Novice: 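Take this structure, written in structure tokens, and hold onto it; I'll ask about it next.
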Amino acid sequence: ALHRELGIPADYAATFHLDLVAEASPEELRLIASVPHEIRLLAPAADAWAMMHTAAAAGRISLLPVSGFRSVSYQAELIRAKLRRGTSIEEILRVNMAPGFSEHHSGRALDVTTTGEKPLSERFAATPAFAWLSEHASAFGFSLSYPRGNPQGIAYEPWHWLWTAPSIP
């Protein structure tokens with residue numbers, strides 16, 4: 001019903017090769033930042049983030065969290081807001097997953113930026129922070145979800161990293 005309300009095509013999941021993402025429960029989440037707003041991750045992802053953040057800082061790399069866990073209802077509201085501004089659902093779905101399909105629902109996805117960069121910008125790919133993540137994030141269990149030409153057809157998101165494996169101490 002929610003997808004019909006938002007105008008999301010019935011074949012959305014099949015077309016973009018997506019699976020539903022289970023929503024983490026509040027008890028499973030841990031606060032990793034409170035500025036500019038509260039950002040939470042699944043507890044093991046939060047631990048991995050803390051280790052990665054510390055390692056990056058030791059190398060004089062600034063990693064700043066922008067977004068973590070998002071509920072299905074919050075994801076729906078993001079889409080509603082863009083629809084109210086006149087953005088087409090097709091355009092929205094190139095940069096935002098439909099409610100129920102966002103990796104952010106799992107509490108394992110993290111959007112990051114670095115000092116002096118606008119959040120959620122492709123310019124992040126040209127920063128030392130992105131270069132550091134590209135080289136080191138996998139050691140902490142994080143991987144880039146949406147590289148250029150990804151099979152889901154999602155816009156390139158150099159800022160979006162998913163915790164996929166236990167971190168290495």
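Quick caveat, the model's predicted, so the values are computed rather than measured. Positions are given from 1 along the sequence.
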Novice: How long is the span from the CD atom in Q152 to the NE2 atom in H17, to the nearest 0.5 Å?
Specialist: 8.5 Å
Novice: Should E103 and M97 count as side-chain neighbours, where that means a heavy-atom distance under 4.5 Å?
Specialist: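 Heavy-atom side-chain distance check fails, nothing below 4.5 Å.
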Novice: If you compare all heavy atoms of W161 against all heavy atoms of A137, which two are closest, and at what distance to 0.1 Å?
Specialist: CZ3-CB, 3.7 Å
Novice: Hey, does P119 have a side-chain heavy atom less than 4.5 Å from the side chain of W159?
Specialist: no
Novice: So which of T114, T115, D111, I39 actually passes side-chain contact (heavy atoms from CB on, under 4.5 Å) with L64?
Specialist: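 Passing option: T115.
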Novice: Testing the basics here: between A33 and P65, what is the closest heavy-atom pair and its distance to 0.1 Å?
Specialist: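 In this case the closest contact between A33 and P65 is CB-CG, 3.7 Å.
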Novice: Establish whether L144 and L63 are linked, either directly or via other cluster members, by ILVMFWY side-chain heavy-atom contacts under 4.5 Å.
Specialist: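 Cluster IDs for L144 and L63 match.
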Novice: Check whether any side-chain heavy atom of S145 lies under 4.5 Å from a side-chain heavy atom of I154, and answer yes or no.
Specialist: no
Novice: Atom CZ of F140 and atom OG1 of T164: how far apart are they, to the nearest 0.5 Å?
Specialist: 13.5 Å
Novice: Do T127 and E117 meet the criterion of a side-chain donor-acceptor pair at a distance under 3.5 Å?
Specialist: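 Their side chains do not contain a donor-acceptor pair, so the 3.5 Å distance test is not met.
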Novice: With a 4.5 Å heavy-atom cut-off, do L6 and I92 have their side chains touching?
Specialist: no
Novice: Does Y146 share a hydrophobic cluster with F142, counting links as ILVMFWY side-chain heavy atoms below 4.5 Å and allowing steps through other members?
Specialist: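 Cluster IDs for Y146 and F142 differ.
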Novice: Out of curiosity, S143 OG to H160 NE2, how far, rounded to the nearest 0.5 Å?
Specialist: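 So the OG of S143 and the NE2 of H160 are separated by 8.5 Å.
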Novice: For R84, does the CZ atom sit with more than 12 other heavy atoms under 6.0 Å from it, leaving out its own atoms?
Specialist: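 It does: R84 CZ has more than 12 such atoms within range.
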Novice: Start with the C-alpha distance between E77 and R70, add both sets of side-chain angles, then the distance that settles salt bridge (Lys or Arg N to Asp or Glu O under 4.0 Å), and finish with yes or no.
Specialist: CA-CA 11 Å; E77 190 48 43; R70 287 187 210 146; over 6 Å; no
Novice: Under a single-linkage definition using a 4.5 Å side-chain heavy-atom cutoff for Ile, Leu, Val, Met, Phe, Trp and Tyr, are L42 and M52 assigned to the same hydrophobic cluster?
Specialist: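 Different clusters: L42 never reaches M52 through Ile, Leu, Val, Met, Phe, Trp or Tyr contacts under 4.5 Å.
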Novice: Assigning hydrophobic clusters by single linkage (Ile, Leu, Val, Met, Phe, Trp, Tyr; side-chain heavy-atom cutoff under 4.5 Å), is L31 placed with V112?
Specialist: no
Novice: With the side chain counted from C-beta on, respond yes when I79 and P99 share a heavy-atom pair under 4.5 Å apart, and no when they do not.
Specialist: yes
Novice: Are V21 and F69 connected into the same hydrophobic cluster when the rule is that any two of I, L, V, M, F, W, Y join if their side-chain heavy atoms are below 4.5 Å apart?
Specialist: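 No, no single cluster joins them.
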Novice: Return the minimal non-hydrogen interatomic distance between A45 and G107, and the atom names on each side.
Specialist: CB-O, 4.0 Å
Novice: Between Y12 and F101, is the ring centroid distance below 6.0 Å?
Specialist: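 When the ring centroids of Y12 and F101 are compared, they turn out to be within the sub-6.0 Å range.
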Novice: Between H104 and G68, which heavy-atom pair has the shortest distance, and what is it?
Specialist: ND1-O, 2.6 Å
Novice: How close do A46 and L41 get, heavy atom to heavy atom, and via which atoms?
Specialist: N-CB, 3.9 Å
Novice: Before you tell me yes or no, could you show the steps for R80 and E5 under salt bridge (Lys or Arg N to Asp or Glu O under 4.0 Å), namely the whole-Å CA-CA distance, both residues' side-chain angles and the distance that decides it to 0.1 Å?
Specialist: CA-CA 10 Å; R80 283 186 191 105; E5 172 208 328; 2.7 Å; yes
Novice: Begin with the C-alpha distance, continue with both residues' side-chain angles, and end with the deciding distance and a verdict on side chain to side chain contact (heavy atoms under 4.5 Å, CB included) for L2 and V72.
Specialist: CA-CA 10 Å; L2 177 60; V72 170; 4.2 Å; yes
Novice: Might you point out which heavy atoms bring Y156 and P147 nearest each other, and give the distance in Å?
Specialist: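 Shortest heavy-atom contact: CD1-C, 3.7 Å.
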Novice: Please tell me if the side chains of V95 and K82 come closer than 4.5 Å, counting only heavy atoms from C-beta onward.
Specialist: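 Of all side-chain heavy-atom pairs linking K82 with V95, at least one is under 4.5 Å.
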